[in-house]
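Notes to accompany the following structure.
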Amino acid sequence: MLHQNEIKPIDLKMYRSVAPAEQLDELEKLAEPLKGKQLLYVSSTASGGGVAEMLHPSVALYRGLGIEMEWQTIEPPPGFFEVTKKIHNALQGDPSGVSDQEWDLYESVNRDLAGELKSVEADATIVHDPQPAAARAFIGPRKEPWIWRCHLDLSSPHLATATRFAPFLQDYDGAVYSMEEYRLPGFEPGREAIIAPVIDPLSPKNQPMDEDEAEKIVSAHGIDPNKPLITQVSRFDPWKDPVGVIAAWERAKEDIPDLQLALVGNTVNDDPESLHILEEVRKAAAGKEDVHIVDNFPPAENDRGVKAFYVASDVVIQKSTREGFGLTVSEALWAGRPVVGGNVGGITLQIQNGESGYLVDSVESAAEAIVKLMANEATRTKMGEVGHDYVEQHFLLPRLLCDELAFLAGILDS
Ligand code: UDP
């Protein structure tokens, strides 16, 4: 069931032209004592979604620093990701819960996974999110530390689900969350850290693109470059509220009649629910000729396609109602665009309200923010610059490795 991802190292010096020098110097120092150590990431999937997006370059940079980071993903039997998406939703507060039968499947797949993971040697293992988390409970005593790294918003979980899930975590030696308020009730690991996610400035998705190229790419997807454009880039997921985005666009269009909306999204193998949500979005968009659904770029076109939509947009939206972090917010700010984002979770870390975009609580306030921003190009430009600089300081890859290494050094020393 385990699949090892082969990732080439990247030299830290490649980041010299794009990330703050003091972070890179610190990273070199922090990496020194861990050189030659064998670390392991375990996560659900190697592509699609924010976790995979972040782990790929993290592994490459660890390796470039001389730390033997490996990354194993899982290829579970049918039905497993349906169950883990339910667990994910419930841990984020969905009251639907998870049935006994579903827990049985979750447990038995994790038991099998534990059987395979037992033979993988590592000085420290970091398991991401709920999908493979329960494997630790079936591995037995271990000298080397195991850390649970959760990317979800656990601030108000469905309690019955959290209560059933927490015992699977009891043997972890530490936990990492994206925000302070995400600590899981009922789970008290030895050590905890709060580490916010990051984007990779060297990804093609985050490299500069001029407006002409962006216009060419979005035109091929039916966008009229002479009309204003707002975009949300997201998995088709209920928490990303794509239908709410259409409602906000509809309301904003009353003031800006030629306003176009692009919903750029993908369906992801560890999120089978996304196909169903895509259908709902199609229904909500039916007959609305200025709404463009751009689903599933071919892999080779994805990153530059996403970048093109950021660059060609006047305003980027991320109207989530729950959001562990939301890499798309930092990506859009890094591209120099103001962002209108849901006033929830990790989005609040990234948007400086009124300075690089607006935090909104409803369809109405999202529409108001869009209209306000669309009225003033100079404000949009200024906000895009503020957002770009903020991301540079706080949300680029080298900072994540600094935080993770500092935490791991403490765990390995204790
Ligand atoms: N993404 C993409 N293509 C798409 C839609 C999304 O590459 O069609 C990427 C997006 O650019 C971001 C990631 O998927 O890097 C989504 O991460 P985020 O943290 O925003 O959300 P998640 O899906 O992890 O909840």
Side-chain angles (χ1 to χ4, degrees), residues 43-58 81 84-85 88-89 91-92 128-131 149-154 178-179 182 195-207 209 217-218 221 231-242 245 262-275 277-278 281 292-311 313 316-335 337 339 341-342 344-347 349-351 391 395-397 400:
S43 74
S44 65
T45 177
S47 64
V51 176
E53 183 78 26
M54 204 162 46
L55 296 196
H56 200 287
S58 300
F81 284 140
T84 55
K85 184 66 199 293
H88 166 121
N89 284 345
L91 290 174
Q92 293 213 132
H128 293 262
D129 280 342
Q131 297 94 331
R149 200 310 177 208
C150 183
H151 299 269
L152 308 187
D153 175 348
L154 301 173
S178 300
M179 286 179 87
Y182 293 174
I195 301 180
V198 290
I199 61 168
D200 178 21
L202 298 185
S203 158
K205 182 181 292 178
N206 296 316
Q207 303 254 10
M209 178 182 280
I217 294 174
V218 302
H221 291 277
T231 294
Q232 173 158 301
V233 175
S234 277
R235 260 183 314 117
F236 292 104
D237 177 295
W239 306 105
K240 313 279 186 187
D241 197 17
V245 176
L263 291 165
V264 176
N266 51 3
T267 51
V268 175
N269 82 335
D270 69 347
D271 180 7
E273 190 186 19
S274 52
L275 284 170
I277 303 299
L278 176 56
V281 172
H292 300 268
I293 298 171
V294 183
D295 66 306
N296 285 317
F297 280 119
E301 290 167 30
N302 178 74
D303 285 2
R304 295 309 270 170
V306 167
K307 179 72 180 195
F309 272 91
Y310 290 138
V311 171
S313 296
V316 175
I317 318 292
Q318 188 56 60
K319 205 201 143 313
S320 307
T321 53
R322 274 273 196 287
E323 189 63 77
F325 184 72
L327 295 184
T328 52
V329 174
S330 277
E331 289 168 0
L333 294 171
W334 182 246
R337 294 296 174 265
V339 180
V344 292
I347 297 179
L349 296 174
Q350 300 172 77
I351 296 177
V391 170
F395 301 118
L396 296 186
L397 184 70
L400 177 91

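Whatever order the structure lists ligands and atoms in, that order sets their numbers, starting from 1. Just so it is clear, the model here is predicted, and its values are computed rather than measured. Residue numbers count from 1 along this sequence.
- With no hydrogens or angles considered, no side-chain donor-acceptor pair links His221 and His292 at under 3.5 Å.
- Counting atoms of ligand 1 from 1 in the listed order, those under 4.0 Å from a heavy atom of Val233 are 5 (C), 6 (C).
- Here the heavy atom of the protein found nearest to atom 20 (O) of ligand 1 is Leu327 N, 3.1 Å.
- When heavy-atom distances to ligand 1 are checked against a 4.0 Å cut-off, Thr328 comes that close through both its backbone and its side chain.
- Contact annotation: the side chain of Lys240 never approaches that of Leu263 to less than 4.5 Å [non-hydrogen atoms, C-beta and beyond].
- When hydrogens are left out, the protein atom nearest atom 5 (C) of ligand 1 is Asn266 OD1, 3.4 Å; that is the closest non-hydrogen contact.
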Under the side chain to side chain contact (heavy atoms under 4.5 Å, CB included) rule, what do Ser274 and Arg235 come out as? Steps first, then yes or no, please.
CA-CA 7 Å; Ser274 52; Arg235 260 183 314 117; 5.6 Å; no

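- Every atom of ligand 1 is numbered from 1 in the order shown, and the set under 4.0 Å from a heavy atom of Gly326 is 19 (O), 20 (O).
- In terms of protein heavy-atom proximity, atom 23 (O) of ligand 1 is closest to Arg235 NE, 2.7 Å.
- Of the protein's heavy atoms, Lys240 NZ, 3.0 Å lies nearest to atom 21 (O) of ligand 1.
- With hydrogens left out, the protein atom closest to atom 3 (N) of ligand 1 is Asn302 OD1, 2.8 Å, a heavy atom.
- At the shortest separation from atom 11 (O) of ligand 1 among protein heavy atoms lies Glu331 OE1, 2.7 Å.
- A donor atom on one side chain and an acceptor atom on the other are not found under 3.5 Å apart for Asp270 and Thr45.
- Counting only heavy atoms of the protein, atom 16 (C) of ligand 1 lies nearest to Gly50 N, 3.6 Å.
- Looking at Val268, Asn302, Thr267 one by one, the single match for side-chain contact (heavy atoms from CB on, under 4.5 Å) with Asn296 turns out to be Thr267.
- In this structure, the side chain of Gln92 engages the main chain of Asp153 through a donor-acceptor pair within 3.5 Å.
- In terms of heavy-atom proximity, Ala262 sits nearest to Phe309 at CB-CE2, 3.5 Å.
- Residues Leu202 and Pro57 are not in side-chain contact: their nearest non-hydrogen atoms beyond the backbone lie 4.5 Å or more apart.
- The protein heavy-atom contact nearest to atom 9 (C) of ligand 1 is Lys205 NZ, 3.5 Å.
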